[in-house]
Amino acid sequence: MYKIIGADGKEYGPVSAEQLRQWIAQGRVNPATKVKDENAADWQVLGTMPEFVGNMSTPPPLSSASDSTTGAPKTSGLAITSLVLGILGPFSCGVTALFGLVFGIVGHNKIKKSKGRLSGSGLAISGIVLSAIFILVMPLFFAAMLLPALSKAKAKAQGIHCKNNARQITLGIILYANDNTNACPRAENWCDAILSDVGTNRIFQCKAATGDSTSHFSYNKKLDGFDLEKIKDAATTVMIFESDGGWNSSGGSELLLQKPRHARTVVVGFADGHVEMVNESQLSDLNWEP
């Protein structure tokens with residue numbers, strides 16, 4: 001009894017030798033048809049089996065028989081493509097990895113169904129694994145790339161917000177002085193004194209600061225009740241500055257932040273109303289004398 005592989009790639013049988021000879025006569029099989037004796041381990045080409053050669057009108061080309069029985073199976077193109085696309089995943093932002101996963105799965109299935117005519121199962125599996133790994137880690141990969149940029153953008157926004165708050169506070173002090181014969185607020189209650197001019201106590205807080213302090217700015221104590229118009233160089237004289245002193249905090253350089261909140265800079269408001277983000281290396285050059 002024999003089994004054959006038809007032109008459609010499917011296995012048929014078992015059939016008897018006589019039935020097989022009838023199929024040869026009917027042209028349903030040809031010299032290149034793969035045949036296997038039920039008791040044999042390997043497939044053979046029908047044209048090379050002595051018991052059936054006499055039933056064929058023309059002997060098969062020797063080269064064809066040799067290729068069919070001893071030729072190496074063809075490597076699956078889908079398997080190769082899957083592996084290449086998986087490798088290219090990091091360079092294509094994951095786009096090729098998605099295709100690599102699909103091609104690998106399809107290729108692996110076709111190899112399994114080819115009954116040895118296709119090889120490359122290892123390549124397909126490697127492509128599937130590489131593609132799947134990159135697809136899984138892709139969110140982490142992009143997060144790792146984006147987090148530094150997002151953190152930097154957040155810090156910049158916080159610095160701008162703090163600078164705007166300081167500008168409103170210095171303006172509030174100037175408005176207070178204008179309403180009080182040019183006298184700056186008293187140091188002991190300067191936050192309370194200008195609160196109506198700045199509108200809300202949230203102006204005194206910096207979003208980059210930690211803790212629950214009601215104010216993240218201190219007042220230059222040497223301006224306590226000082227005549228605003230008598231300040232010698234208002235553009236360089238410190239009026240307010242970032243600190244951790246709290247509400248109505250006042251003093252001098254001893255209250256400056258030891259650890260700046262905004263990329264190694266400290267927000268400082270000056271007596272002429274302008275505000276700067278002063279680098280920590282330049283804090284020692286600030287002018288505190290009105």
Side-chain angles (χ1 to χ4, degrees), residues 1-139 141:
M1 301 297 285
Y2 299 86
K3 292 183 179 181
I4 71 165
I5 294 179
D8 57 2
K10 295 181 179 179
E11 187 177 304
Y12 295 92
V15 297
S16 65
E18 185 58 33
Q19 180 66 59
L20 200 50
R21 290 188 180 94
Q22 289 181 19
W23 286 356
I24 293 172
Q26 294 168 1
R28 294 177 62 181
V29 294
N30 57 58
T33 300
K34 289 187 176 182
V35 181
K36 184 176 76 169
D37 188 294
E38 265 193 322
N39 299 318
D42 300 320
W43 291 88
Q44 300 181 59
V45 175
L46 186 60
T48 64
M49 300 178 71
E51 62 266 40
F52 298 113
V53 171
N55 300 101
M56 300 179 188
S57 56
T58 56
L62 292 178
S63 59
S64 298
S66 175
D67 290 344
S68 299
T69 55
T70 62
K74 181 181 178 182
T75 302
S76 169
L78 287 173
I80 297 172
T81 303
S82 171
L83 180 59
V84 172
L85 293 176
I87 293 172
L88 292 176
F91 307 101
S92 63
C93 297
V95 175
T96 59
L98 292 171
F99 289 101
L101 182 62
V102 174
F103 287 173
I105 294 172
V106 174
H108 188 258
N109 288 337
K110 286 191 173 184
I111 292 169
K112 288 176 64 178
K113 295 178 180 179
S114 71
K115 299 185 182 300
R117 294 190 301 277
L118 287 175
S119 66
S121 178
L123 295 175
I125 293 174
S126 297
I128 292 170
V129 172
L130 280 175
S131 299
I133 288 175
F134 189 76
I135 290 171
L136 289 174
V137 303
M138 188 164 50
F141 176 76

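A quick note: this is a predicted structure, and the numbers were derived from the prediction, not measured.
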Checklist entry - Could you walk me through whether Leu130 and Phe134 pass the side chain to side chain contact (heavy atoms under 4.5 Å, CB included) check? => result CA-CA 6 Å; Leu130 280 175; Phe134 189 76; over 6 Å; no
Checklist entry - Under the side chain to side chain contact (heavy atoms under 4.5 Å, CB included) criterion, do Trp23 and Thr33 qualify, and how do the steps go? => result CA-CA 11 Å; Trp23 286 356; Thr33 300; over 6 Å; no
Next on the checklist: Before you tell me yes or no, could you show the steps for Ile128 and Leu101 under side chain to side chain contact (heavy atoms under 4.5 Å, CB included), namely the whole-Å CA-CA distance, both residues' side-chain angles and the distance that decides it to 0.1 Å?
Outcome noted: CA-CA 5 Å; Ile128 292 170; Leu101 182 62; 3.8 Å; yes
Next on the checklist: Between Lys74 and Ser119, is the side chain to side chain contact (heavy atoms under 4.5 Å, CB included) condition met? List the steps.
Outcome noted: CA-CA 6 Å; Lys74 181 181 178 182; Ser119 66; over 6 Å; no
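With hydrogens and angles disregarded, a donor-acceptor distance shorter than 3.5 Å links the side chain of Ser82 to the backbone of Gly100. Within the 3.5 Å criterion, the main-chain N or O of Ile111 finds a donor-acceptor partner in the side chain of Ser114. Within the 3.5 Å criterion, the main-chain N or O of Leu98 finds no donor-acceptor partner in the side chain of Ser131.
Rounding to the nearest 0.5 angstrom, the gap separating the NZ atom in Lys36 from the CD atom in Gln44 is 11.0 Å. Taken to the nearest 0.5 Å, the OH atom of Tyr2 stands 9.5 Å off from the CG atom of Asn39. Distance check, rounded to the nearest 0.5 Å: CD of Gln19 to CD1 of Ile4 gives 9.5 Å. The structure places CZ of Phe103 at 6.5 Å from CG of Leu85, a figure rounded to the nearest 0.5 Å. To the nearest 0.5 Å, atom NZ of residue Lys110 and atom CG of residue Leu118 are 8.5 Å apart. Summarising the geometry, atom CG belonging to Leu78 is positioned 12.0 Å from atom CD1 belonging to Ile105; distances are rounded to the nearest 0.5 Å.
For Lys113, there are no side-chain contact (heavy atoms from CB on, under 4.5 Å) partners two or more places apart in sequence or in a different chain.
Sorted by first and then second residue, the pairs that involve residues 10-28 and meet salt bridge (charged side-chain N to carboxylate O under 4.0 Å, His left out), not counting sequence neighbours, are Lys3-Glu11.
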